Amino acid sequence: MAATSDELKDILDDAGEEEQHWLTPAGQKDLHALLQMAAEREVEALRLYEPSPFQEKYHACTAKELLMSKGNQVGGSLAGFAEDARAATGQDPFGKYPAKDGIIVCLGYGEKHIGNVIHKYLCRWGAFEIIRDDGTGKWRTYRPWEKNKVVLGKPGDLHRKEEARPAPPLIPPRFIKGKPVWTKAGAKIFSIIYLTTGWEIHAFNSQGESEHAQGFQANLWHIDEDVATDGWVAEAVGRLSKRKGLLRWTAMPHAKTEDIVLMLERAKEEEHKKKPKTVVIYAGIDENPYLSDETKEENKRIWRTMGDEEYVRRVEGRLIIGGLRMY
């Protein structure tokens with residue numbers, strides 16, 4: 001976002017004796033660079049991200065274990081990776097993580113999940129869409145519903161759909177230190193990303209052995225979608241112990257292992273406690289205002305033909321085992 005000539009002129013017009021530096025050619029160049037930096041920071045994705053109520057509940061939770069059991073295209077992964085980015089850049093508004101020198105583990109289902117999902121959400125454009133506000137002229141989250149429809153207290157932008165743009169990366173390039181440690185650079189499959197805050201983001205593939213994640217302590221362990229093999233949740237608990245770290249899981253529940261079922265059971269045991277240590281947030285597609293009603297109903301129609309288990313999983317974000325809904 002380049003600084004405008006009007007912004008530059010306004011500052012120079014107001015410059016007095018104490019700001020004479022800005023009136024020199026070198027000073028104007030410095031000022032332009034500062035304005036450019038300020039404009040770029042105003043449009044950083046984490047500043048423009050507007051969490052829905054269930055996403056805000058996810059971010060605010062301080063429980064050691066948190067599972068977001070979500071339907072299809074709900075926005076659960078966005079919340080999960082926004083949480084990772086807030087932690088790694090020292091911008092968590094709830095103060096759950098140290099500002100510097102932390103470690104995040106992102107666990108994906110398969111090697112391609114690391115490149116196609118984890119790296120894409122964290123380091124590439126388009127985690128969500130943004131648009132300039134009609135009134136202020138500043139960038140904000142795009143709202144894909146009609147202008148006369150108010151959702152979460154906000155009118156829509158559908159009439160300006162062509163003006164929407166992909167949001168910048170959740171982790172701005174200014175926070176990335178050097179090059180990632182690549183497993184396959186061309187496919188964006190990384191092993192470690194180092195940040196200027198001293199944080200590190202480690203990526204693992206749950207189709208591998210959980211023992212590969214030994215030898216360090218973590219502050220945040222984020223599992224996105226299901227796990228392919230046993231042992232990863234048990235390993236996560238061990239890695240998080242010394243730093244009193246948090247386990248976060250965003251998944252449409254498939255239960256390829258027993259881990260999700262066991263977490264649901266632990267949450268059931270804790271649900272009446274004042275400060276539960278294990279929490280489950282259910283998020284169905286009807287809770288996602290950024291998916292049109294037409295698309296929701298069409299998807300429901302198709303999933304309904306695939307049986308109750310598939311429908312409940314994809315629409316409600318709940319698990320059916322043996323014909324029974326899990327909690």
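All of these numbers come straight from a predicted model, not from anything done at the bench. All heavy atoms count here, side chains included; hydrogens, waters and symmetry mates do not.
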Quiz question: by atom type and distance under 3.5 Å, do the side chains of [X] and [Y] form a donor-acceptor pair?
{"X": "His202", "Y": "Ser191", "result": "no"}
{"X": "His113", "Y": "Asp224", "result": "yes"}
{"X": "Ser210", "Y": "Glu235", "result": "no"}
{"X": "Asp226", "Y": "His254", "result": "no"}
{"X": "Tyr97", "Y": "Glu83", "result": "yes"}
{"X": "Tyr49", "Y": "His59", "result": "yes"}
{"X": "Ser292", "Y": "Glu294", "result": "no"}

Atom [atom1] of [X] with >12 non-hydrogen neighbours under 6.0 angstrom:
{"X": "Asp133", "atom1": "CG", "value": "yes"}
{"X": "Glu258", "atom1": "CD", "value": "no"}
{"X": "Lys96", "atom1": "NZ", "value": "yes"}
{"X": "Lys120", "atom1": "NZ", "value": "no"}

Is the NZ or CZ atom of Arg143 both under 6.0 Å from the centre of the six-membered ring of Tyr290 and within 45° of that ring's axis?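 Geometry flag: not set, cation outside 6.0 Å or 45°.
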Search all heavy atoms of [X] against all heavy atoms of [Y] and return the closest pair with its distance.
{"X": "Ala127", "Y": "Tyr121", "answer": "CB-CD2, 4.0 Å"}
{"X": "Glu270", "Y": "Pro276", "answer": "O-CB, 3.3 Å"}
{"X": "Ser69", "Y": "Val280", "answer": "CB-CG1, 4.2 Å"}
{"X": "Gly102", "Y": "Arg243", "answer": "CA-NH1, 3.8 Å"}
{"X": "Pro180", "Y": "Phe190", "answer": "CB-CB, 4.3 Å"}

Between [X] and [Y], is there a side-chain N and carboxylate O pair less than 4.0 Å apart?
{"X": "Lys184", "Y": "Glu111", "value": "yes"}
{"X": "Lys149", "Y": "Asp293", "value": "yes"}
{"X": "Asp84", "Y": "Arg248", "value": "no"}
{"X": "Arg47", "Y": "Glu42", "value": "no"}
{"X": "Arg266", "Y": "Glu269", "value": "no"}
{"X": "Lys268", "Y": "Glu265", "value": "no"}

Less than 4.5 Å apart, side chain to side chain, heavy atoms only: is that true for [X] and [Y]?
{"X": "Ile103", "Y": "Gln217", "value": "no"}
{"X": "Thr250", "Y": "Glu225", "value": "no"}
{"X": "Tyr58", "Y": "Ile281", "value": "yes"}

For residues [X] and [Y]: do they belong to one hydrophobic cluster (side chain heavy atoms under 4.5 Å, members Ile, Leu, Val, Met, Phe, Trp, Tyr)?
{"X": "Met263", "Y": "Met252", "result": "no"}
{"X": "Tyr194", "Y": "Ile171", "result": "no"}
{"X": "Trp232", "Y": "Leu240", "result": "yes"}
{"X": "Leu46", "Y": "Phe81", "result": "yes"}

Parallel, tilted or perpendicular for Phe216 and Trp221, by the 30°/60° rule?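 Rings of Phe216 and Trp221: parallel, as their planes differ by under 30°.
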Salt bridge (Lys or Arg N to Asp or Glu O under 4.0 Å), paired with Asp157, selected from Arg165, Lys147, Arg140: Arg140
